[in-house]
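Atoms considered below: every heavy atom in the structure, side chains included; atoms not considered: hydrogens, waters and symmetry mates. In listed order, ligands and their atoms are each counted from 1. These figures come from a predicted structure and were not determined experimentally.
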Amino acid sequence: MIKVQNYADHAKELKNAVPTEPVLFLKPPSAYVKEGSPIVVPLYTSNLHHEVELGVVIGKGGNAISQTSAMEHVAGYALCLDMTARDIQDECKSKGLPWTLAKAFNTSCPVSDFIPKERIPDPSNVKLWLKVNDQLKQSGSTSQMIFSIPYLISYISDFITLEEGDLILTGTPKGVSAVQEHDELQAGIEDVVTISFRVQRQNQ
Ligand SMILES: O=C([O-])CC(=O)C(=O)O
Ligand SMILES: [Mg+2]
């Protein structure tokens, strides 16, 4: 699973430079969690953030995919949360270390059911939102992305061969914030899907 930083307003809220090329990182399949199971906060973080993102599911693998043929490689979508231990990420950034423990821990990628491609005819213009305990925190549109979905598929596939079933998370809009134990996270793609997840502390 491949992740990118892709919205200028989110880069600004984290005081990051707006990327001129996609920033890529990976999560393992063990990071996935489906509705009905909780998001478990690792013991080592005290600042776990939600990031709502559109996920692109690859149906046909390939490498060096052109932007013009990129959408032929898409099977569909998923609504995803890129759960991020922001304190650990900040520490990793300051030490020049990889973000693995900040981004790739168990349950760090809550996902919706698979959404067939036909249900989102224009993925470059869909509204994403996220609420914590009924309070709206994130509300954005994929039209605000810096790098389009075809560009991302083409860019990534130059370095990492894409395989059927790979999921590309396309970055989060602004509004990220910390979650606490017992919080209820609800997120949606307008008119397409909603998901909800509870937050649980890891047992000592
Ligand atoms: O941790 C970050 O801010 C990078 C990222 O995943 C995003 O922009 O969605
Ligand atoms: Mg993200």
Numbered in order shown, the ligand 1 atoms found under 4.0 Å of a heavy atom of His10 are 2 (C), 3 (O), 7 (C), 8 (O)
Might you work through the side chain to side chain donor-acceptor pair (under 3.5 Å) test for Ser141 and Lys127, ending with a clear yes or no?
CA-CA 4 Å; Ser141 165; Lys127 293 207 169 72; over 6 Å; no
Exercise. Hey, what's the ring geometry for Phe105 with Tyr44, parallel, tilted or perpendicular (30° and 60° as the breaks)?
Worked result: perpendicular
Ligand 1 atoms nearer than 4.0 angstrom to some heavy atom of Gln89 are 1 (O), 2 (C)
What do you reckon, does Trp99 have a nitrogen or oxygen under 3.5 Å from a nitrogen or oxygen of ligand 1?
-> no
Of all N, O or S atoms in Glu53, the one closest to the Mg ion (ligand 2) is OE2
Honestly, for Arg86 the part within reach of ligand 1 (heavy atoms, under 4.0 Å) is side chain
Next item on the list: Please lay out, stage by stage, how Asp122 and Ser124 fare under the test side chain to side chain donor-acceptor pair (under 3.5 Å).
Entry: CA-CA 5 Å; Asp122 183 7; Ser124 68; 2.6 Å; yes
Within the 4.0 Å heavy-atom cut-off, what Leu14 brings close to ligand 1 is side chain
Taking only non-hydrogen atoms of Gly171 and a 4.0 Å limit, the atoms of ligand 1 in range are 9 (O)
Note to self: Can you confirm, on distance only, whether ligand 1 has an N/O atom lying under 3.5 Å from any N/O atom belonging to Asn16?
What the structure shows: no
Honestly, for Phe25 the part within reach of ligand 1 (heavy atoms, under 4.0 Å) is side chain
Asp82 OD2 to Glu51 OE1 via the Mg ion (ligand 2), rounded to 10°, gives 80°
Output side-chain donor-acceptor pairs under 3.5 Å for residues 186-198, partner residues at least two apart or in another chain, one line each.
from	atom 1	to	atom 2	distance (Å)
Ser196	OG	Glu184	OE2	3.2
Arg198	NH1	His182	O	2.7
Arg198	NH2	Glu184	OE1	3.1

Requested in this report: Output yes when the distance from some N or O of ligand 1 to some N or O of Lys103 is under 3.5 Å, and no in every other case.
Outcome: yes
Within the 4.0 Å heavy-atom cut-off, what Thr172 brings close to ligand 1 is both
Determine whether a donor-acceptor pair (N or O, by modelled atom type, separation under 3.5 Å) exists between the side chain of His50 and the backbone of Ser177. yes
Thinking salt bridges, do Lys174 and Glu51 make one under a 4.0 Å N-O criterion?
no
Parallel, tilted or perpendicular, as decided by the 30° and 60° cut-offs, for the rings of Phe159 and Tyr155:
perpendicular
Under 6.0 Å from the six-membered ring centre of Trp129 and within 45° of its axis: does the NZ or CZ of Lys131 meet both?
-> yes
